[in-house]
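Below is one structure, written out as structure tokens; the observations come after it.
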Amino acid sequence: MLPAWPGGRRREVTRRPPATPGWRTGAAACGRRRLPLPARAAYPGRRIRKEEAAMARIGFVGLGNMGGPMARNLVRAGHAVTGFDIVPETLARAAAAGVAAAVSAAEAARGAEFVITMLPAGEQVREAWLGAGGMAAASDPGAVLVDCSTIDVATARAVAAAVGRPMLDAPVSGGVMGAEAATLTFMVGGPAEAFARAEPILKAMGRNVLHCGEAGAGQAAKTCNNMVLAATMIVTCEAFVLAEKLGLSHQALFDVMSRSSGQSWSLTTYCPVPGPVPGSPANRDYRPGFAAALMAKDLGLAQEAARAAGVETPLGAQALALYRRFVEQGGAEADFSGIIRMLRGGG
């Protein structure tokens with residue numbers, strides 16, 4: 001018997017033919033591009049995104065703790081990546097992961113549709129694009145240039161104005177763990193058209209890609225975000241130290257704060273004491289993560305921006321003073337959540 005609609009009319013039932021072996025059903029049956037199962041098996045646990053279907057030629061300069069895993073994720077997404085780093089061992093590690101090794105930054109940029117840098121500071125960014133690195137001149141006129149370094153807003157805007165190509169400043173949040181897992185957040189400044197072209201590339205390396213405005217807006221967003229992060233981490237550490245002295249367990253305080261108005265990312269994702277959040281650096285003796293020296297650098301950029309804008313940020317200034325003290329006492333290479341050791345009085 002065929003099932004009937006209300007009112008007695010019979011409806012015809014169309015039965016779906018058996019799925020072809022080796023092909024996805026479900027989303028594929030709705031008109032989306034179907035991918036063979038082996039393509040998924042190549043990257044276990046990783047969802048294949050529609051945006052990654054088209055291979056791009058990408059130049060990547062700066063293959064260290066952050067840039068290395070970011071470049072590897074681009075390779076895993078099917079892109080052709082040519083990379084360069086001034087440290088031979090770092091370049092060799094990237095080459096072992098499928099990145100084609102270039103002999104210079106300019107060679108990495110030549111012929112690429114997208115050129116990405118991840119460098120330590122504004123001085124290196126300016127030199128790579130406009131100075132001896134020669135990347136802007138070597139890049140194709142139609143290429144999109146992307147700087148993922150965390151630098152000062154003024155330098156980001158000056159370089160973007162001078163390169164003669166569409167350029168995005170796209171600093172990231174998420175640290176080394178986010179770079180490894182391709183879960184970074186990109187804060188992007190620059191032309192909307194360039195952002196639209198680069199967005200699929202950035203999504204191969206991150207979970208959130210946010211266009212914040214014109215040139216320099218990405219750096220401005222990163223500066224403000226990290227100032228808040230530093231302050232909330234410090235006060236979260238202070239709360240745990242106080243709780244210890246008052247006889248309250250770490251877990252008890254976490255259970256209360258994570259369900260109350262004291263909740264924050266510094267607590268629930270990056271808890272500065274071992275136990276409550278197993279994945280936080282506190283469970284690995286504060287191996288980074290995001291090094292305290294880098295947090296001090298970012299806080300310095302925030303204070304530089306605040307002075308230039310005529311804005312008072314007293315908590316941001318105090319956070320910078322505390323992180324500089326932690327770095328001077330030997331905490332430079334520790335995760336920034338390791339400042340709890342200094343706040344306990346143990347250095």
For the residue pair Leu343 and Phe240, establish whether any side-chain heavy-atom pair is separated by less than 4.5 Å. no

Salt bridge (charged side-chain N to carboxylate O under 4.0 Å, His left out) between Lys203 and Glu199, worked out: CA-CA 6 Å; Lys203 282 186 174 179; Glu199 187 177 11; 3.4 Å; yes

Side-chain donor-acceptor pair present, Trp129, Thr117, cut-off under 3.5 Å: yes

If you count every heavy atom of other residues, nucleotides or ligands that lies below 6.0 Å from Gln251 atom CD, does the total exceed 12? yes

How about Glu244 and His250: does a side-chain donor come under 3.5 Å of a side-chain acceptor? yes

Ion pair check, Arg72 and Glu180, cut-off under 4.0 Å: yes

Should the heavy atoms of other residues, nucleotides or ligands under 6.0 Å from CG of Leu210 be counted, would the total exceed 12? yes

Closest heavy-atom contact between Gly59 and Ala112? N-CB, 3.5 Å

Before giving the answer on side-chain contact (heavy atoms from CB on, under 4.5 Å), spell out for Ile58 and Ile201 the whole-Å C-alpha distance, their side-chain angles and the decisive distance to 0.1 Å. CA-CA 9 Å; Ile58 301 171; Ile201 305 301; 3.8 Å; yes

Salt bridge present between Arg197 and Glu193 (N-O < 4.0 angstrom): no

Are more than 12 heavy atoms, taken from residues, nucleotides or ligands other than Asn65, located less than 6.0 Å from that residue's CG atom? no

For Val61 and Met135, run side-chain contact (heavy atoms from CB on, under 4.5 Å): C-alpha distance rounded to whole Å, both residues' side-chain angles, the deciding distance at 0.1 Å, then the answer. CA-CA 9 Å; Val61 174; Met135 293 178 63; 3.6 Å; yes

For Ala306 and Thr313, which heavy atoms make the closest approach, and how far apart are they? CB-OG1, 3.9 Å

Is a side-chain donor or acceptor of Asp169 paired with a backbone partner of Gly218 at a separation under 3.5 angstrom? yes

Are Lys297 and Asp152 ion-paired here, with the side-chain N under 4.0 Å from a carboxylate O? no

Donor-acceptor under 3.5 Å (Asp298 side chain, Asn226 main chain): no

Determine, stepwise, if the pair Thr236 / Ser266 fulfils side chain to side chain donor-acceptor pair (under 3.5 Å). CA-CA 7 Å; Thr236 301; Ser266 294; 4.9 Å; no

Do the non-hydrogen side-chain atoms of Cys212 and Val188 ever get within less than 4.5 Å of each other? no

Find the distance between NZ (Lys222) and OG (Ser173) and round it off to the nearest 0.5 Å. 6.5 Å

Tell me if a side-chain donor or acceptor on Tyr323 pairs with a main-chain N or O of Phe336 at a distance below 3.5 Å. yes

Result of checking Arg110, Glu113, Arg165 against Ser139 for side-chain hydrogen bond (donor to acceptor under 3.5 Å, both in side chains): Arg165

Do any N or O atoms from the side chain of Asp335 and from the backbone of Ala282 form a donor-acceptor pair under 3.5 angstrom? no

Thr268 and Ser258 have their tightest heavy-atom pair at CG2-CB, 3.9 Å

For the pair Phe60 and Val99, evaluate side-chain contact (heavy atoms from CB on, under 4.5 Å) and give the outcome as yes or no after the intermediate values. CA-CA 9 Å; Phe60 204 119; Val99 175; 6.0 Å; no

Do Asn208 side-chain atoms and Leu184 backbone N/O form a donor-acceptor pair below 3.5 Å? no

I need the Ile339 CD1 to Arg325 CZ distance, nearest 0.5 Å. 8.0 Å

Report whether Met177 and Leu294 are members of the same hydrophobic cluster (ILVMFWY, side-chain heavy atoms less than 4.5 Å apart, transitive linking). yes

For a 4.5 angstrom cut-off between non-hydrogen side-chain atoms, does Leu74 reach Met70? no

Go through the steps to decide whether Leu119 and Glu127 satisfy the test side-chain contact (heavy atoms from CB on, under 4.5 Å), and finish with yes or no. CA-CA 11 Å; Leu119 300 170; Glu127 185 69 9; over 6 Å; no

With no hydrogens and no angle check, is any side-chain donor or acceptor of Asn73 less than 3.5 Å from a backbone partner on Pro69? yes

Give a yes or no on this: more than 12 heavy atoms of other residues, nucleotides or ligands lie within 6.0 Å of atom CD of Glu333. no

Does a donor on one side chain and an acceptor on the other come within less than 3.5 Å for Thr82 and Glu107? no

Are Leu320 and Val228 connected in the hydrophobic side-chain network, where two residues link if heavy atoms are under 4.5 Å apart? no

Counting C-beta onward and ignoring hydrogens, is there a side-chain heavy-atom pair between Met295 and Leu229 closer than 4.5 Å? yes

Path from Met187 to Val159 over hydrophobic side-chain contacts below 4.5 Å: no

Shortest non-hydrogen pair, Ser149 vs Asp147, comes out as OG-OD1, 2.6 Å

Heavy atoms only: give me the nearest Ala332-Ala291 pair and the separation to one decimal. O-CB, 3.6 Å

Between Ile340 and Val273, is any pair of side-chain heavy atoms under 4.5 Å apart? yes

Side chains of Leu267 and Phe254: does their closest heavy-atom pair fall under 4.5 Å? yes

When you check the side-chain N and O atoms of Thr150 and Gln219, is any donor under 3.5 Å from an acceptor? no

Spell out, as yes or no, whether a donor-acceptor pair under 3.5 Å connects the side chain of Ser280 to the backbone of Cys271. yes

Any side-chain heavy atom of Met167 sitting closer than 4.5 Å to one from Val146? no

Under a 4.5 Å side-chain heavy-atom rule over Ile, Leu, Val, Met, Phe, Trp and Tyr, are Leu145 and Val153 clustered together? no

Check whether Asp85 reaches the backbone of Leu63 with its side chain - one donor and one acceptor, N or O, closer than 3.5 Å. yes

With clusters defined by side-chain heavy atoms of hydrophobic residues (ILVMFWY) lying less than 4.5 Å apart, directly or transitively, does Leu299 cluster with Leu315? no

Could you check whether any side-chain N or O of Gln329 sits under 3.5 Å from a backbone N or O of Met342, counting only pairs where one atom can act as donor and the other as acceptor? no

Nearest 0.5 angstrom please: Ser337 OG to Ile234 CD1, how far? 12.0 Å

Value for CG (Leu322) from CE (Met233), rounded to nearest 0.5 Å, stands at 13.5 Å

Could you measure the distance from the CZ atom of Phe186 to the CG atom of Leu168? Nearest 0.5 Å is fine. 11.0 Å

Give a yes or no on whether the backbone of Ala252 and the side-chain of Ser249 come within a donor-acceptor separation of less than 3.5 Å. yes

Check whether any side-chain heavy atom of Met66 sits under 4.5 Å from a side-chain heavy atom of Phe290, and report yes or no. no

Calculate, to the nearest 0.5 Å, the distance between atoms NE2 and CZ belonging to His79 and Phe114 respectively. 8.5 Å

When every non-hydrogen atom of Pro166 is compared with those of Ala194, the smallest separation belongs to CB-CB, 3.9 Å

